[in-house]
Amino acid sequence: MARWHLKKNPKKQNGKEYAYYNIAENFTDSRGKHQKKLIKYLGVLSNERADIIRLALRAFNGEDLFLVDFKAIKYVEAKRYLDVALVSLIYDQLGIGQVYNLESEKELSTADVAKILILSRCLDPQANYLTVDWFRDSYLPALMNVDPEKYNKDKIFHELEPIYNRREHLQKKLLSLSRQFHDDDLELYFFDATTSYFEGECCEMAEGAKEKTTGYQDKVILILLVTDKKGFPITWQVFSGAKHEASKFKDIGNQMCKKFGIKEVTFCFDRGIASASNFDFISDVTLLNSKYISGLDRNQMEDVFDLDSFAKNIRPTLIVKYREQETTHIKKRYPTLGFSRFGADRFFKDLGVKNGKRHVISFNINIFEKEQKTRGLMIEKVKQEFDKINLEVLSIKGDRESEPLEKRIEKLISKYRLQKIIGYNIVPLAVKCKNDFIQGYKIEYWINQDAFTEAEKHDGTFIFVTNHIEVQNAHFIVPAQMIVAHYKDKYVIENAFRYLKSFADLRPFFVRLDDHVNAHIDICMCSYFISLFIYYKLHSLGISLETFYKTIKDYSRVCMLETKTGTREALLRVLPKNIKQIINTLGAQRIIDEKHLKFLEIIKN
């Protein structure tokens, strides 16, 4: 689609710079080359008038005609409508506002402030708590029927504590809403943790700890999250960053059991949370009476399976069978040495029950190849660095000491986690310099073959552990393939943290009090729930969340022009088919209904 834009041409005349403008159209000619076409020459414009025309052009992009007389424009106002109205309607349809509907005589209620903060986190997370301008720059005041002047920074901070006090009610509401997406009998919940940090010394909740992405920080908090199988956030808690995630699982498990009545379900979590204590807690019939699916650490695998024999005798056969099936395009895949095929590149085998726990081994060809390749590249990089250091010895000008060199080597091999695989000696070396000899050192290094073999035998291999041990008709009720599939689906909670840290902009934190920090987390979680709800509703259209928000924002603004005669005209972009399809799929036809637009005074009666 050809788009019109304002083109600036700065020119100097008599030592003074002038800005000449014209309206141009970008288009592609018959040869596929990008061209520009002059639509209208406008001459010299002030910055204010140039901004007016840019807004008008944004409103008109997508239409065939341009009908505004720019010389007659006195005033222009551009406000966000479409994206704000759409997400606001979904928020109301979900009934999230009922969580904060407290009896109050406030001019602007807690429910109003919560809605504004949650919607801004969905649509423009970079606004953070400076949402006053964002709110007034939209049709949200009209949609909510509130006075925009009542919404200010003081009001926001005043309402954060009441928002946090409704956390339990919010979590119960989200749990209830999420269950409409459950499609099978196994009630599965994913558990994981992440960290975030503050800059400054004001947050009492945060403590010095290792942050997962940036290393040690002075002020770190730990966020524990439980999602359902679709990734919807169900419950969460915030702790000091000095706490270990595995030690806090019982806190959140007790909350789910006692406050939400969640029992006899399956929890899925990674090896960082797995512990004998947590396994017993989940299995206890007087507590959760539930099931778990997790994984064993590498140093635990040998207790349930002979990895040496697997690496020597079974793994090569699995790789050969994989290559044969890929090259011959065999559709029916028969078990190989007791291993069945799962997906494109994974084999698995049920190892049965040992000491009350059931184990399933999985071997992933792609991960195996990546880990082998990565280790080889890391070893090669360390060798190159060693050779580089040895060459430096030839150009030294004075005596060297071995201690700084040893620290340099240890730092290098630690960086690539090759402490056990690469061995070295620092050998004294007399280096000739002019007519004298000076003290230097040379590195002699080698590969520890036993350690290399020990590391290599784990490549691509993973052992699941579960207490799904019930048998019916000589078969496990929950088959091994389902154990593998559910753990593989753990990516949904990883996506949740990815969204919260990137799009929802979980940090930086602009609050310091504990209740305010918790309220901020609640707002982010709620915005993610709404976004995920939209994603699943639009799943049939194949639209990602990023595409949805960008597309709807591009058509969001309504420009209100006022002429010198006092007439106000709204400039509405014609909505293309894909936008209307999104609106229809979300059941939001009301927001573009003529009567609704007239009520908001966007169009005239």
Side-chain angles (χ1 to χ4, degrees), residues 84 87-88 90-92 94-132 134-135 138 140-141 143-144 146-148 150-177 196 198 202-206 221 223-226 232-239 252 255 259-260 496 499-500 504-533:
V84 171
V87 179
S88 174
I90 291 169
Y91 180 91
D92 293 340
L94 291 172
I96 295 173
Q98 298 168 7
V99 170
Y100 304 104
N101 250 340
L102 308 172
E103 291 185 6
S104 172
E105 296 181 357
K106 299 175 185 176
E107 291 181 294
L108 193 66
S109 68
T110 301
D112 291 331
V113 174
K115 180 175 181 178
I116 296 166
L117 291 174
I118 291 168
L119 294 192
S120 70
R121 189 61 52 172
C122 287
L123 296 168
D124 193 8
Q126 283 70 35
N128 290 300
Y129 289 96
L130 304 176
T131 55
V132 177
W134 177 89
F135 180 59
S138 73
L140 197 52
L143 290 164
M144 296 175 62
V146 298
D147 181 358
K150 302 296 182 185
Y151 183 73
N152 52 58
K153 189 176 179 180
D154 290 338
K155 181 64 176 174
I156 295 170
F157 284 96
H158 180 74
E159 294 296 340
L160 288 178
E161 183 178 347
I163 288 173
Y164 166 56
N165 289 339
R166 303 296 291 174
R167 171 179 285 181
E168 184 178 328
H169 299 273
L170 173 64
Q171 292 176 345
K172 285 181 178 178
K173 180 66 176 179
L174 299 186
L175 174 62
S176 174
L177 290 169
S196 194
F198 294 78
C202 301
C203 181
E204 294 181 3
M205 176 188 293
I221 59 171
I223 304 169
L224 303 186
L225 173 63
V226 176
F232 286 106
I234 300 304
T235 185
W236 55 90
Q237 287 189 18
V238 185
F239 299 95
I252 206 164
Q255 175 181 314
K259 294 183 178 180
F260 304 151
Y499 175 95
L500 291 166
D505 208 17
L506 185 67
R507 67 168 314 278
F509 287 88
F510 290 92
V511 287
R512 294 291 179 262
L513 300 178
D514 288 2
D515 287 353
H516 292 184
V517 172
N518 276 291
H520 170 72
I521 302 294
D522 292 354
I523 289 162
C524 290
M525 293 294 180
C526 198
S527 78
Y528 178 61
F529 188 98
I530 293 169
S531 295
L532 200 59
F533 177 86

### Query
Is any side-chain heavy atom of Y151 closer than 4.5 Å to a side-chain heavy atom of T131?
yes
### Summary
Of all heavy-atom pairs linking I234 and L174, the shortest is CD1-O, 4.3 Å
### Task
With rounding to the nearest 0.5 Å, note down the distance linking CZ in F260 to OG1 in T235.
4.5 Å
### Query
From L117 CG over to H520 NE2, what is the distance, rounded to the nearest 0.5 angstrom?
10.5 Å
### Task
Starting at CE of M525, measure out to CZ of F232 and round the result to the nearest 0.5 Å.
14.5 Å
#### Entry: Nearest atoms (heavy-atom pairs only) where K173 meets L94
CE-O, 3.2 Å
### Query
Got E161 and Y164 here, is their nearest side-chain heavy-atom distance under 4.5 Å?
no
### Message
Donor-acceptor pair, distance only, cut-off 3.5 Å: does the side chain of E159 make one with the backbone of A114?
### Response
no
### Full working for side chain to side chain contact (heavy atoms under 4.5 Å, CB included) between K115 and L143
CA-CA 12 Å; K115 180 175 181 178; L143 290 164; over 6 Å; no
### Query
Which atom pair, heavy atoms only, marks the closest approach of L140 to W134?
CD2-CZ3, 3.9 Å
#### Entry: Heavy-atom closest contact (K153 atom, V132 atom, distance)
N-CG2, 3.8 Å
### Message
If only side-chain N and O atoms count, and only distance matters, is there a donor-acceptor pair under 3.5 Å linking Y100 with S109?
### Response
no
### Query
How many angstroms lie between atom CD of Q237 and atom CD of Q255, to the nearest 0.5 angstrom?
4.5 Å
### Query
Can you tell me if CD on E168 sees more than 12 non-hydrogen neighbours from other groups inside 6.0 Å?
yes
### Task
Determine yes or no for a side-chain-to-main-chain donor-acceptor pair under 3.5 angstrom, with S531 supplying the side chain and S527 the backbone.
yes
### Query
Can you tell if the side chain of L170 reaches within under 4.5 Å of the side chain of I163, non-hydrogen atoms only?
no
### Query
So which of R166, Q171, K172 actually passes side chain to side chain contact (heavy atoms under 4.5 Å, CB included) with H169?
R166
#### Entry: For A111 against G97, the heavy-atom pair lying closest together
CB-O, 4.1 Å
### Task
Find out whether R121 and Y528 are in side-chain contact, i.e. whether some heavy atom of one side chain is under 4.5 Å from a heavy atom of the other.
no
## Note on the structure
The single option from L224, I223, I252 that satisfies side chain to side chain contact (heavy atoms under 4.5 Å, CB included) with F239 is L224
#### Entry: CG-CD1 distance between N101 and I96, expressed to the nearest 0.5 angstrom
12.5 Å
#### Entry: L108 backbone acceptor or donor facing K155 side chain under 3.5 Å
yes
## Note on the structure
dist F135:CZ -> I156:CD1 (nearest 0.5 Å) comes out at 10.0 Å
### Query
Taking all non-hydrogen atoms of both residues, which atom of L500 and which atom of C524 are closest, and how far apart?
CD2-O, 3.5 Å
### Query
So do the side chains of D112 and K150 get within less than 4.5 Å of each other, counting heavy atoms only?
no
### Query
Considering only heavy atoms from C-beta outward, does the side chain of D147 approach that of E107 to under 4.5 Å?
no
### F529 vs L177 side-chain heavy atoms within contact, under 4.5 Å
yes
### Any donor-acceptor N/O pair, D124 side chain to S120 backbone, under 3.5 Å
no
